2 protein chains.
Amino acid sequence: MPKKSAPGTRKRGTPRIDADRLAAWRAFLELHHRVTVALSEELESEADLPLPWYDVLVQLEEAPDGRRRMQDLADGVLFSPSGLTRLVDRMERAGLVTRTPYPGDRRGAYAVLTDAGRARLKATAGVHLRGVREHFADRLDDADAATLGRILTSMLEPGSGPPS
Amino acid sequence: MPKKSAPGTRKRGTPRIDADRLAAWRAFLELHHRVTVALSEELESEADLPLPWYDVLVQLEEAPDGRRRMQDLADGVLFSPSGLTRLVDRMERAGLVTRTPYPGDRRGAYAVLTDAGRARLKATAGVHLRGVREHFADRLDDADAATLGRILTSMLEPGSGPPS
DNA sequence: CTACAATAATTGTTGCTGCAACTACTGGAG
DNA sequence: CTCCAGTAGTTGCAGCAACAATTATTGTAG
C-alpha cells in the first residue's frame with residue numbers, strides 16, 4: 001500500500017481530500033438526504049404535518065411560556081426571516097400559533113404556541129420520534145452514538161480545524 | 001446520577017431517544033445546514049455556479065464517457081426525475097451538457113458532459129474542494145475521519161439497526 | 001429635539017422543486 | 001400480430017424558499 005500523503009504533511013493549499021474524509025463526506029450527504037426525506041414523508045402521510053411545522057412546534061414547546069421571538073425562531077428552525085414569516089402565517093391560519101407583541105420593542109413579535117398547537121405536537125411527536133429512531137438513532141450502538149455525538153459536536157465549534 | 005434507561009433495555013415502542021443520540025442527531029442537522037449553506041454561497045459567489053450544477057458536473061465527470069442516463073443521474077445528485085429534467089435543461093442552455101439518445105431504447109437519454117462543462121468543472125472544483133475541506137474535512141483529525149466514515153457508512157447499510 | 005444609521009419583521013418578486021398527469025416507447029402474454 | 005402493463009422522460013401545476021426592497025421602530029450622535 002503506497003502512502004499517498006503522510007498524515008499531517010499534506011502540502012498546504014493542495015485541494016485534495018483523502019479517501020477517508022471523502023467517504024465520510026459522501027456518506028454524510030447521503031444519510032442526511034435519506035433520513036430527512038423519510039422523516040418528511042412519514043410525518044406528512046401519517047400525521048398530515050409538514051416537517052418545518054413540526055420543527056416550529058418543537059422550538060416553541062421547548063421555549064419558556066411556549067413563545068419565541070421571530071428572529072430566534074428563524075435561527076432555531078434554520079429558516080430565513082422571510083421564510084419564517086410565511087411559515088408562521090400558515091401556521092397561524094391553521095390555529096397552531098399566534099403572534100403577540102414583544103413588550104418593550106414594538107418592532108418585535110413573539111410567535112406563541114396555542115393550545116391547539118401544543119395538542120398537535122403531542123399527537124404527532126410519536127410519529128416523528130419513531131422515524132428519528134428508526135432512520136438514525138437506532139442505527140447506532142451506544143458506543144457509536146457517543147462517539148458520533150462527540151465528533152459532530154466538535155466539528156461545530158468555531159475553533160475547529162487546523163491552526164491554518 | 002439516576003440511570004434513566006439501562007443501555008439495551010429500553011422498552012420496546014417507547015418513543016424516547018437518549019441524550020447522546022439526540023445530541024448526535026441535532027449536531028448532524030446543524031452541521032449539514034451550516035456546511036451546505038456555506039458551500040453553496042461560496043460556490044455561487046466565487047465561481048458563479050449553483051451547487052446542484054456542480055454536482056451534475058461531478059457525476060458526469062466520474063462516469064465513463066462523461067455520460068449518464070437521466071435516471072441514474074437523478075439518483076446520483078439526489079434529485080427527483082422532474083427536477084433533473086429542469087436542471088439539465090438549464091445546464092444545456094448554458095452549454096455545459098448535452099442530451100444524446102440512448103442506443104437501444106428510444107425512451108432513454110444520456111446527459112453528456114460537453115468540453116465547456118468539463119472546463120467549467122475544472123475551473124470551479126478548487127473552490128468547492130476548498131470549502132469541503134474548510135467546513136468539513138479539515139475539522140476532523142485522521143482518527144476521527146476514519147471513525148466518522150465507518151459510522152456513517154454503516155448507518156447507510158440496509159440491515160443497520162436493531163434486529164427488531 | 002432632530003437626524004439618521006441600525007434593527008425586526010414583512011412583502012414583492014423570482015426561481016426552484018416535487019407531485020401528478022401525460023407522451024412515447026418497450027417487451028411480454030395471449 | 002395485438003394488446004397492455006410497465007418504464008423513461010417531460011410538462012402542468014402549485015407550493016415553498018430566499019433575496020432585495022419596504023415599513024415601522026429604536027437609540028444614538030450632534
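Values below: every heavy atom of this structure, side chains too, minus hydrogens, waters and symmetry copies. Just so it is clear, the structure is predicted and the values come from calculations on it, not from any experiment. Chain identifiers are assigned alphabetically (A, B, ...) following the order of the sequence lines, protein sequences preceding nucleic acid strands; residue numbering begins at 1 within each chain.
- Evaluation of the salt bridge (Lys or Arg N to Asp or Glu O under 4.0 Å) test over residues 38-58 of chain B, restricted to residues two or more places apart or in two chains, returns Glu46(B)-Arg130(B).
- Among pairs with a residue in residues 28-37 of chain A, those fulfilling side-chain hydrogen bond (donor to acceptor under 3.5 Å, both in side chains) read Glu30(A)-Arg34(A), His32(A)-His32(B), at least two apart in sequence or across chains.
- With Tyr102(A) as the aromatic partner, Arg107(A) does not meet the cation-pi criteria of under 6.0 angstrom to the ring centre and within 45 degrees of the ring axis.
- Residues Leu121(B) and Leu57(B) approach most closely at CD2-O, 3.8 Å, considering heavy atoms.
- The minimum heavy-atom distance between Tyr110(A) and Pro103(A), with the atom names listed, is CE1-CD, 3.9 Å.
- Residues that satisfy the salt bridge (Lys or Arg N to Asp or Glu O under 4.0 Å) test with Asp144(B), not counting sequence neighbours, are Arg150(A).
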| message | Set out, in order, the CA-CA distance, both residues' side-chain angles and the distance that settles side-chain contact (heavy atoms from CB on, under 4.5 Å) for Val112(B) and Leu60(B), then state yes or no. | response | CA-CA 7 Å; Val112(B) 191; Leu60(B) 293 180; over 6 Å; no
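- Once rounded to the nearest 0.5 Å, the distance linking CE of Met155(B) with CG of Leu31(A) reads 5.0 Å.
- Of all non-hydrogen atoms in Arg139(B) and Leu156(A), the two that sit nearest each other are NH1-C, 4.5 Å.
- Applying the salt bridge (Lys or Arg N to Asp or Glu O under 4.0 Å) test to every pair with at least one member in residues 88-97 of chain A, sequence neighbours left out, gives these pairs: Asp89(A)-Arg99(A), Glu92(A)-Arg99(A).
- Protein chain A contacts DNA chain D over a range whose 5' and 3' limits, counting nucleotides with an atom under 4.0 angstrom from a non-hydrogen atom, are dC16(D) to dT26(D).
- Using a 4.0 Å cut-off on heavy atoms, the residues of residues 97-113 of chain A that approach DNA chain C are Arg99(A), Arg107(A), Gly108(A), Ala109(A), listed by number.
- Put simply, CH2 on Trp25(A) and CG on Leu129(B) are 11.0 Å apart, with the number rounded to the nearest 0.5 Å.
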Sub-3.5 Å pairs of nitrogen or oxygen atoms, protein against nucleotides 1-3 of chain C:
none

Which pairs would a plain distance check flag for residues 73-86 of chain A, meaning a side-chain donor or acceptor within less than 3.5 Å of a matching protein atom at least two apart in sequence or in another chain?
{"residue": "Ser80(A)", "atom": "OG", "partner": "Ser82(A)", "partner atom": "OG", "Å": "3.4"}
{"residue": "Ser80(A)", "atom": "OG", "partner": "Gly83(A)", "partner atom": "N", "Å": "3.0"}
{"residue": "Thr85(A)", "atom": "OG1", "partner": "Pro81(A)", "partner atom": "O", "Å": "3.3"}

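- Residues from residues 62-73 of chain B placing a heavy atom under 4.0 Å of any atom in DNA chain D, listed by number, are Arg69(B), Met70(B), Gln71(B).
- Nearest heavy-atom pair, Val56(B) versus Leu87(B), reported as atom, atom and distance to 0.1 Å: CG2-CD2, 3.6 Å.
- Scanning both residues, Asp20(A) and Ala146(B), for their nearest heavy atoms gives OD2-CB, 3.6 Å.
- Between Pro81(B) and Glu41(B), the residue anchored nearer the 5' end of DNA chain D, judged by the nucleotide with its closest heavy atom, is Pro81(B).
- For the pair Ala27(B) and Leu152(A), the tightest heavy-atom approach, listed with the atom from each and the gap, is CB-CB, 3.7 Å.
- Figure legend: cation-pi geometry between Arg21(A) and Phe136(B) absent, as NZ or CZ is not positioned both under 6.0 Å from the six-membered ring centre and within 45° of its axis.
- Residues of residues 26-37 of chain A having a heavy atom closer than 4.0 Å to DNA chain C: none are found.
- Each salt bridge (Lys or Arg N to Asp or Glu O under 4.0 Å) pair with one or both residues in residues 58-67 of chain B, not counting sequence neighbours, appears once here: Arg26(A)-Glu62(B), Glu61(B)-Arg118(B).
- Annotation: proximity of residues 82-96 of chain A to DNA chain D (heavy atom, distance under 4.0 Å) is found for Ser82(A), Gly83(A), Arg86(A), Arg90(A), numbered in ascending order.
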